[in-house]
Amino acid sequence: MNGLSKITNDNLIEPIQKIPGGNYIIFAIIMLVAIVLSPFISKLIVAVFGNRKKKIKENHIYKPIRFTIYVVGLYIALAFLGLPNDLYSTISKGLQILIIMLVGYCLAKIVAADSRIVHGVEATLHVDKRDTTGLFLTKVFKGLIFIATGIVILMAVGVNLSGFFTSLGLTGAVVALAAQDLFKNLFGGITIVIDKPFKVGDWIDMGGIAGTVEDITFRSTRLRTFNGTLAIIPNSVLSNENLVCNRGLNYRKYIFTLNFTYNTPLEKINNFIVKGYDLLESLPNVIENTVNINFDKITESGYQMYIHLNTNITVYADYMKFKELINLKIIELVEKEKIKLAYHTQTIIAESRS
């Protein structure tokens, strides 16, 4: 008889085992109990840790918990089948590992999602669920759970952890060098979380790369660029880089210049300035009293006009559409006034000698 069946063997089970096929009856009873009790136990756990806004069965942890209870029931029930010791030992060891993995998975689900315990921590720390700090800490807790799960699995399969960690000491220098970048990125991520230069959803520009922050992990930050590509930047780089962030941006500036040809009459220049003011100030999303149109300077190629305005449009994609509208309106005004735009030219004078 297997060890687990010896522990659970009492006056109630022993008579059943003496019946022909009694072990199979006990196996069926234990599995039936697991199947019957699993919904109630799962609902109880979900009620404590799950999301109140969702129905019990719609919670992300409900099904994993039920499956875990089934596997635990199978693990207990197998002890009464009287399997050969070698076969039982192999199967039970596999089930132990599966149970450990399922428990770790359920714990990670509880920590990772919008469960009641997570909402409680967020309320205590005054952290919004979309805040960078909350998201990063969630990943830290999940990482610790997976590490602990891995250690327990190693112990279950009989790995000598003391010898394992001792061997790490012999190659500590090699491991330290190999993990140098990992720790740089990890501490870079912690710096980002503490300083909060940006958060998920912010648009940032680090010079060569710009985009919307989609995720912040242990190692890197992911940006969705304007053309839709995904840029993955190590946290160690971001924490030491000069960044421009649009968080709290109330307006955007749009500044550009136009060059009119030298033969443009002054009357047309004045008409362009007056009508340009009327045109730009009448457009929606242009902030009042921010439009400036000036005859800036005389350049090598013509008369340069300086145009400046502010808009309350801050979303980058919408701002690009706004710039397009402004450009079209200005070109339309230039054509209407029959003004020619200048371009850079180079005059070559060739002299002939007789």
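Both backbone and side-chain heavy atoms feed into the values below; hydrogens, waters and symmetry mates do not. Just so it is clear, the structure is predicted and the values come from calculations on it, not from any experiment. If you read the sequence from its start, that first residue is 1, and numbering goes on from there.
- Taking the six-membered ring wherever Trp is involved, the centroid distance between the rings of Y254 and F322 does not fall below 6.0 Å.
- Annotation: side chain to side chain donor-acceptor pair (under 3.5 Å) contacts of S282 (sequence neighbours excluded): none.
- By the side chain to side chain donor-acceptor pair (under 3.5 Å) test, T261 is found to be paired with N263, T264, residues two or more places apart in sequence or in another chain being considered.
- Atom CD of residue E281 and atom CG of residue N289 lie 7.0 Å apart, to the nearest 0.5 angstrom.
- Nearest heavy atom pair, residue F256 against residue I330, reads CZ-CG1, 3.8 Å.
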Practice problem: Could you please spell out the steps behind the side chain to side chain contact (heavy atoms under 4.5 Å, CB included) verdict for I269 and I339? | Solution: CA-CA 9 Å; I269 294 177; I339 299 174; over 6 Å; no
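- N294 is linked by a side chain to side chain donor-acceptor pair (under 3.5 Å) to nothing, counting only residues two or more places apart in sequence or in another chain.
- Side-chain atoms of T229 and T225 include a donor-acceptor pair closer than 3.5 Å.
- Between I293 and I273, the shortest heavy-atom distance links the atoms O-CG2, 3.8 Å.
- Distance check, rounded to the nearest 0.5 Å: CZ of R66 to CG of L37 gives 11.0 Å.
- Nearest heavy atoms, N310 versus K253: OD1-CG, 3.1 Å.
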Self-check item: side chain to side chain contact (heavy atoms under 4.5 Å, CB included) between L98 and Y75, intermediate numbers included
Solution: CA-CA 10 Å; L98 180 59; Y75 173 70; over 6 Å; no
Exercise. Might you work through the side chain to side chain contact (heavy atoms under 4.5 Å, CB included) test for Y70 and I35, ending with a clear yes or no?
Key: CA-CA 7 Å; Y70 294 154; I35 293 172; 4.1 Å; yes
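- Around atom CG of D86, no more than 12 heavy atoms belonging to other residues, nucleotides or ligands sit under 6.0 Å away.
- Between E214 and R222 no salt bridge is recorded (no basic side-chain N to carboxylate O distance below 4.0 Å).
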Practice problem: Under the side chain to side chain contact (heavy atoms under 4.5 Å, CB included) rule, what do L283 and L309 come out as? Steps first, then yes or no, please. | Solution: CA-CA 11 Å; L283 293 177; L309 59 86; over 6 Å; no
